[in-house]
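The block underneath contains the structure these notes are about, expressed in C-alpha cells.
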Amino acid sequence: FPVTIRRKAGSKLNDIGVTNAKVVKCVKQEDYLARLYYAFDNTEDIKLRQFLYQEIKKIHIQRGTW
C-alpha cells in the first residue's frame, strides 16, 4: 500500500533538503563544538543557552567524554 503524507499547501517541508548550491560545506564536529562554546559564553538568552548546552552534551556523550 502506498503511503501518502499529507501537507498543507505551501508547507515549508516540501523543499526541505533541496538546494541549488554546487558546493555544500560541512563543518567538522570540532569546529561546530568550538562555535557552540563561543555562543554559550557570549549569550544571555536562556533558551539559546539551554539548546547550546544540550548540543555540547550530545557531542561529548558521543565521544565518551561526558
Side-chain angles (χ1 to χ4, degrees):
F1 295 90
V3 177
T4 349
I5 300 172
R6 293 184 183 192
R7 295 186 193 111
K8 292 182 181 179
S11 172
K12 294 179 182 180
L13 295 177
N14 288 338
D15 293 331
I16 196 164
V18 176
T19 180
N20 291 331
K22 292 181 182 178
V23 177
V24 178
K25 197 172 184 182
C26 294
V27 178
K28 292 180 183 176
Q29 191 179 60
E30 194 61 40
D31 296 336
Y32 181 59
L33 188 58
R35 290 178 183 185
L36 291 172
Y37 276 121
Y38 179 81
F40 186 82
D41 290 339
N42 291 292
T43 187
E44 295 178 6
D45 185 320
I46 294 172
K47 286 186 179 182
L48 179 56
R49 284 179 69 94
Q50 288 173 344
F51 168 77
L52 295 167
Y53 179 82
Q54 290 300 319
E55 288 295 302
I56 292 168
K57 182 177 177 180
K58 277 191 236 176
I59 291 172
H60 281 291
I61 288 172
Q62 285 177 350
R63 293 178 174 188
T65 56
W66 187 255

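As the structure is a computational prediction, the values presented were derived from the model and not from experiment.
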Quick one: NZ on K58 to CD1 on I56, what's the gap to the nearest 0.5 Å?
11.5 Å

Over 60° means perpendicular and under 30° means parallel, so tell me whether F40 and Y53 are parallel, tilted or perpendicular.
tilted

Hydrophobic cluster membership, with links at side-chain heavy-atom distances under 4.5 Å among I/L/V/M/F/W/Y: are Y32 and Y38 in one?
no

Does I61, at its CD1 atom, have more than 12 non-hydrogen atoms belonging to other residues, nucleotides or ligands within less than 6.0 Å?
yes

hydrophobic_cluster_shared for F51 and W66, side chain cutoff 4.5 Å
yes

Note: T43 and R49 closest approach over all heavy atoms is O-NH1, 3.3 Å

Contact summary for D31 and V27, nearest pair of heavy atoms:
CB-CG1, 3.6 Å

Roughly how far, to the nearest 0.5 Å, is the CD atom of E30 from the CD1 atom of I59?
8.5 Å

What do the steps show when you test L33 against R63 for side chain to side chain contact (heavy atoms under 4.5 Å, CB included), and what is the final call?
CA-CA 12 Å; L33 188 58; R63 293 178 174 188; 3.7 Å; yes

